[in-house]
Asks: 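Just dropping this structure here.
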2 protein chains.
Amino acid sequence: MEQAKLLSDTVLAIFRANGRLIAWGDHFAAAQALTSARWQMLGALALAGEPLTAPQIADSMGVSRQGAQKQLNLLFADGLLTRTPNPAHQRSPLYWLSAAGQQCFNEVDSRWRQHALKVAASFAPGELESVQRLLDKLASLHPPEDAKGENDAR
Amino acid sequence: MEQAKLLSDTVLAIFRANGRLIAWGDHFAAAQALTSARWQMLGALALAGEPLTAPQIADSMGVSRQGAQKQLNLLFADGLLTRTPNPAHQRSPLYWLSAAGQQCFNEVDSRWRQHALKVAASFAPGELESVQRLLDKLASLHPPEDAKGENDAR
DNA sequence: GAACGGTTGACAACTTGTTGTCAATAACGG
DNA sequence: CCGTTATTGACAACAAGTTGTCAACCGTTC
């Protein structure tokens, strides 16, 4: 039974860390009038390096299509994204960072990298990699388990 | 800059694992008509081993007082919790598991322990502990940073 | 014992995410 | 070219959490 408690505690540690990081991210990104969610969304586009459609962004972030769309609409309304007609699909425009979005993201990302350097220095070299591996393995052992009948697969 | 990316990826791995575990937990707990949130709430009470007030439960779970209260009211309405008058505070009743709540939690917890044993066996002995330590350290390096002016400290 | 500040529950508004449904548009097979 | 199926955006409903505000209660202090 010791093993079970060990795993429970680990899961709770993940929940705790998740909550803390989101709360901290909200505060950190507030300087650029962003939230954690918007920061992540801009980051997904920046990382892709090219304009994407809403479903593509949703896939790359691992959230539902509708969830991504909601944020995209808000970010577009706030002028942080541009919508380009998609030659390959009339109803599905391509989203890309606007000038304001670029600047916004650059500022927060630059500050983040400074902070990350300091924080990462608190850990031994291979430590972060091995944690990533374990987390991904743990996640893979707990799949969404929709099996088959799903709509709108995620 | 490699270090910064390493940390970013770790944070994203935490977000991913968190999402996966919640989704999986919702499905797993559905057999007892629970959700992840309700399961955790019942677990917090069971772990405490004694009736608690709403703010105490909130503290122990690391969520806001109002957030815990919302779930407590729902769980009470569903008959999974009992409210006992609190001799020490007239307005703040003590919550405890009802018979139904006990049974509900026992069933899901028993199934969870079986599953956890199998999953924990996939990891080396010290691995889970070291991940917990890193996660908690990472969380502690990213405090809510309210500093002073906060209402309703969390 | 009246006045003060801190605690608590209730309520409302908001954020971020989910699922489900619908209609319009692609995409494809005959 | 037409019918069928899959994508896609919009919308609604919901879950879970946050913050803020208010009024009632508690404890302490003068």
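These numbers come from a predicted model, not from an experiment. Protein chains get the first letters and strands the later ones, always in sequence-line order, with residue 1 at the start of each.
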Asks: Side chain of A/Q69, heavy atoms from C-beta onward: which of D/dA16, D/dG9, C/dG17 has the nearest atom to it?
Replies: D/dG9

Asks: Out of C/dT19, C/dG17, C/dG9, which has the shortest distance to the side chain of B/P55?
Replies: C/dG9

Asks: Verify the contact: side-chain N or O of A/Q66 to OP1 or OP2 of D/dG9, cut-off strictly under 4.0 Å; return yes or no.
Replies: no

Asks: Are A/V63 and B/W24 connected into the same hydrophobic cluster when the rule is that any two of I, L, V, M, F, W, Y join if their side-chain heavy atoms are below 4.5 Å apart?
Replies: yes

Asks: Indicate whether OP1 or OP2 belonging to C/dG17 is found under 4.0 Å from a side-chain N or O atom of A/S64.
Replies: no

Asks: Over all heavy atoms of both residues, which pair between A/W112 and B/S8 is shortest? Give the atoms and the distance, please.
Replies: NE1-OG, 2.9 Å

Asks: Among C/dA10, D/dT8, C/dT19, which nucleotide has an atom closest to any side-chain atom of B/N73?
Replies: C/dA10

Asks: Taking the nucleotide of DNA chain C with the nearest heavy atom to each, does B/A54 or B/K70 sit closer to the 5' end?
Replies: B/A54

Asks: Nearest whole Å is fine: how far is D/dT19 C1' from A/I22 CD1?
Replies: 16 Å

Asks: If you look only at distance, which donor and acceptor atoms sit under 3.5 Å apart when one is on a side chain in residues 87-97 of chain A and the other is two or more places apart or in another chain?
Replies:
residue: A/H89; atom: ND1; partner: A/R91; partner atom: N; Å: 3.4
residue: A/Y95; atom: OH; partner: A/Q69; partner atom: NE2; Å: 3.3
residue: A/Y95; atom: OH; partner: A/R83; partner atom: NH1; Å: 3.1

Asks: Does anything in residues 34-49 of chain A reach DNA chain C, meaning a heavy atom under 4.0 Å, and if so which residues?
Replies: A/T35, A/A37

Asks: Any side chain to side chain donor-acceptor pair (under 3.5 Å) involving residues 121-134 of chain B? Give me the pairs, sequence neighbours left out, ordered by first then second residue.
Replies: A/T10-B/Q132

Asks: So if I take every side-chain heavy atom of A/R65 and compare against D/dA16, D/dG9, D/dC11, which nucleotide ends up nearest?
Replies: D/dG9

Asks: Quick check on contacts: within residues 80-93 of chain B, what sits under 4.0 Å from DNA chain C by heavy-atom distance?
Replies: B/H89, B/R91, B/S92, B/P93

Asks: Mind checking what makes side-chain hydrogen bond (donor to acceptor under 3.5 Å, both in side chains) contact with B/R111, not counting sequence neighbours?
Replies: B/Q32

Asks: Quick one: list whatever passes salt bridge (charged side-chain N to carboxylate O under 4.0 Å, His left out) with B/D78, sequence neighbours left out.
Replies: B/R38

Asks: Would you say A/F105 ends up clustered with A/F76 if hydrophobic residues are merged whenever their side chains have heavy atoms under 4.5 Å apart, either directly or through other cluster members?
Replies: no

